Amino acid sequence: MGDAAYFLDVMPGETRGIVVRNGRFHSLYIERPTDVAEHRLGARVVGRISRVEPGLGAAFVDLGAGEPFGFLSLGKNRRFAEGEKVTVEITAEPRESKGPSLRYVGEGQGEVRLISRGPSVSERIKALAGDQPILTGIEALEASLAAEEEALSSHVVVPAYGLDLSMERTRALIAADIDYAPLPGRDSRKAREAVNRVGMAEIARQLSLKAWGGIICVDLVGVNLHAESIMKMAKAAFADRNDVVFAPLSRFGVLQFSMPWTHQPVEERLAQGRAAGLTSLRELNRALLSDRSVPVFELVCPAAMETMLSPLVSELGPRARLVARTDISKPIVREA
């Protein structure tokens with residue numbers, strides 16, 4: 001795939017953008033027509049201060065889209081009153097029960113409203129790709145499914161280096177454990193250095209692919225690690241970002257750093273209400289794109305999904321048909 005490749009997987013109900021770097025999935029962006037525009041990264045909104053929390057050093061802002069309200073840090077010299085209008089920009093999309101994070105732009109005038117939308121997935125991919133081609137159709141769909149599978153995995157193995165990496169997201173932080181499976185004929189010290197270097201690069205890639213942020217704790221391989229060398233390899237792994245803050249290496253070989261949340265985590269996007277129906281719709285679209293010799297493919301779905309899927313299936317064209325049944329629990333795709 002070369003140094004970088006860009007995919008745009010567009011189907012009724014969902015658009016996905018995929019970025020590949022050096023042959024590995026780097027980013028997966030997901031957008032649906034049902035998304036709240038006021039919560040999209042980069043959107044600008046005139047909001048109303050709903051509540052000020054001095055103990056948190058923050059205010060909650062009504063963005064006109066209902067709860068959860070946005071979270072606006074006050075800063076040292078900034079004071080707001082309840083009911084005051086402010087212009088804000090979304091810097092992090094909602095996750096779990098948390099509302100979007102906001103950046104203060106200036107005073108707000110008029111009604112609470114959306115001023116400008118954040119960039120769509122298509123716009124984001126086009127901006128990243130520049131003059132490079134953007135792949136669509138069956139290639140993009142297959143890349144989308146593969147990127148999804150990897151984004152949901154918590155385990156990465158790189159046999160060439162003996163790397164066994166595990167990553168887990170908790171409520172408080174991201175835990176990453178780099179393990180080393182000794183390779184015959186390799187100098188153990190140099191091999192541990194290599195596995196830590198490759199492991200840090202994999203952690204950077206996985207954080208981007210999963211859209212994770214916050215505090216990250218990395219359990220490195222080895223004891224009596226050289227702090228300066230570890231810090232150098234860590235900064236190299238995140239060389240394309242200027243918002244990562246590293247703490248000193250601990251005596252136990254644990255490296256901690258922080259990076260801001262931006263997009264909603266991929267696993268949350270994929271777990272939302274319409275996800276099961278959209279997964280079956282993508283399988284139908286995959287069949288349509290893969291075998292154009294078949295006159296009609298049917299998506300057979302439980303009756304409860306019919307209302308949601310019917311208009312989406314019709315958008316796929318005359319070769320797509322929806323059949324709703326009361327005697328099945330999972331959708332299936334078949335030739336008509």
Side-chain angles (χ1 to χ4, degrees), residues 6-19 27-48 50 60-72 87-103 105 111-129 134 136 140-141 143-145 147-148 151-152 169 208-213 260-282 285 305 307-316:
Y6 304 91
F7 299 84
L8 200 55
D9 177 23
V10 181
M11 72 169 194
E14 188 173 82
T15 297
R16 295 185 179 188
I18 305 96
V19 179
S27 302
L28 172 60
Y29 304 112
I30 301 173
E31 174 186 304
R32 295 168 185 154
T34 53
D35 291 345
V36 178
E38 291 84 353
H39 291 173
R40 181 186 291 174
L41 183 68
R44 288 201 172 189
V45 182
V46 171
R48 179 183 63 83
S50 173
F60 290 93
V61 181
D62 180 359
L63 302 174
E67 296 191 16
F69 291 160
F71 184 87
L72 176 64
T87 301
V88 294
E89 181 177 312
I90 310 303
T91 59
E93 296 173 347
R95 66 183 190 280
E96 294 180 331
S97 59
K98 298 179 176 67
S101 297
L102 312 174
R103 179 178 70 85
V105 176
E111 298 298 318
V112 172
R113 67 194 186 279
L114 178 69
I115 300 175
S116 62
R117 296 173 178 268
S120 67
V121 165
S122 296
E123 291 167 341
R124 191 176 297 277
I125 291 296
K126 289 175 183 177
L128 290 171
I134 298 174
T136 58
L141 190 150
S144 167
L145 292 173
E148 172 186 330
L152 294 177
R169 176 188 170 198
S208 174
L209 180 61
K210 298 174 186 295
W212 285 356
W261 290 93
T262 52
H263 293 86
Q264 186 179 31
V266 168
E267 74 273 16
E268 290 185 21
R269 295 291 280 152
L270 294 172
Q272 289 170 344
R274 292 161 58 91
L278 291 173
T279 296
S280 62
L281 190 72
R282 181 164 274 102
N285 196 31
M305 290 185 174
T307 301
M308 188 269 282
L309 285 174
S310 181
L312 301 178
V313 170
S314 66
E315 288 186 48
L316 290 175

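As the structure is a computational prediction, the values presented were derived from the model and not from experiment.
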field: Distance in Å, Leu114 CG paired with Ile90 CD1, rounded so as to fall on 0.5 Å steps
entry: 9.0 Å
- prompt: What's the shortest heavy-atom distance between Phe69 and Val61, and which atoms?
  reply: CB-O, 3.2 Å
statement: Here the pair of heavy atoms bringing Ala37 nearest to Ala43 is O-CB, 3.6 Å
- request: Check whether any side-chain heavy atom of Leu8 lies under 4.5 Å from a side-chain heavy atom of Thr15, and answer yes or no.
  value: yes
message: Restricting to side chain to side chain contact (heavy atoms under 4.5 Å, CB included), what partner residues turn up for Gln264, sequence neighbours left out?
response: Glu93, Glu268, Arg269, Gln272
- prompt: Below 4.5 Å, heavy atoms only, C-beta onward: do Leu270 and Thr279 meet side chain to side chain?
  reply: no
- prompt: If you round to the nearest 0.5 Å, how far is CD1 of Ile125 from OG1 of Thr136?
  reply: 12.5 Å
Side chains of Ser27 and Ser208, donor plus acceptor under 3.5 Å: yes
- line: Of all heavy-atom pairs linking Lys210 and Ala151, the shortest is NZ-O, 2.9 Å
query: Just how far is it from atom CG of Leu281 to atom CE of Met308, taken to the nearest 0.5 Å?
result: 8.0 Å
- prompt: Do side-chain atoms of Asp62 reach the backbone of Gly64 as a donor and acceptor pair under 3.5 angstrom?
  reply: yes
field: The single option from Arg44, Arg117, Arg40 passing salt bridge (charged side-chain N to carboxylate O under 4.0 Å, His left out) against Glu89
entry: Arg44
field: Donor-acceptor contact present, side-chain Ser310 to main-chain Thr307, <3.5 Å
entry: no
- prompt: Roughly how far, to the nearest 0.5 Å, is the CE atom of Met11 from the OG atom of Ser144?
  reply: 8.0 Å
message: Once side-chain hydrogen bond (donor to acceptor under 3.5 Å, both in side chains) is applied, do any residues pair with Glu31, and if so which ones, sequence neighbours excluded?
response: none
- prompt: Is the closest side-chain heavy-atom distance between Leu141 and Arg282 below 4.5 Å?
  reply: yes
- request: Considering non-hydrogen atoms only, spot the tightest contact between Val45 and Glu38 and give its length.
  value: CG2-O, 4.1 Å
message: Applying ring-ring contact (aromatic ring centres under 6.0 Å, His included), can you list everything that pairs with Phe71, at least two apart in sequence or on another chain?
response: Phe60
query: With sequence neighbours excluded, what pairs up with Thr262 under the side-chain hydrogen bond (donor to acceptor under 3.5 Å, both in side chains) test?
result: none
field: Evaluation steps, side chain to side chain contact (heavy atoms under 4.5 Å, CB included), between Val46 and Ile115
entry: CA-CA 7 Å; Val46 171; Ile115 300 175; 3.4 Å; yes
message: Test your reading of the model: is there a side-chain donor-acceptor pair from Ser101 to the backbone of Thr91, 3.5 Å cut-off?
response: no
field: Any Leu278 side-chain heavy atom under 4.5 Å of Arg32 side chain
entry: yes
query: Is any side-chain heavy atom of Val112 less than 4.5 Å from a side-chain heavy atom of Leu63?
result: no
task: Work out which heavy atom in His39 is nearest to a heavy atom in Pro100; give both atom names and the distance.
output: CD2-CG, 3.7 Å
task: Could you give me the CA-CA distance, side-chain angles and deciding distance for Glu111 and Arg113, then say whether salt bridge (Lys or Arg N to Asp or Glu O under 4.0 Å) is met?
output: CA-CA 6 Å; Glu111 298 298 318; Arg113 67 194 186 279; over 6 Å; no
task: Answer yes or no: is there a side-chain heavy-atom contact under 4.5 Å between Arg16 and Val121?
output: no
- request: Output all residues satisfying ring-ring contact (aromatic ring centres under 6.0 Å, His included) with Tyr29, sequence neighbours left out; order by chain, then residue number.
  value: His263
task: Can you sort out the partners of Pro119 under side chain to side chain contact (heavy atoms under 4.5 Å, CB included), two or more places apart, ordered by chain and number?
output: Glu123, Arg124
- prompt: At their closest point, which heavy atom of Leu309 faces which heavy atom of Ser280, and how far apart are they?
  reply: CD1-OG, 4.1 Å
Candidate pair Asp35 and Ile30, rule side chain to side chain contact (heavy atoms under 4.5 Å, CB included), full reasoning: CA-CA 10 Å; Asp35 291 345; Ile30 301 173; over 6 Å; no
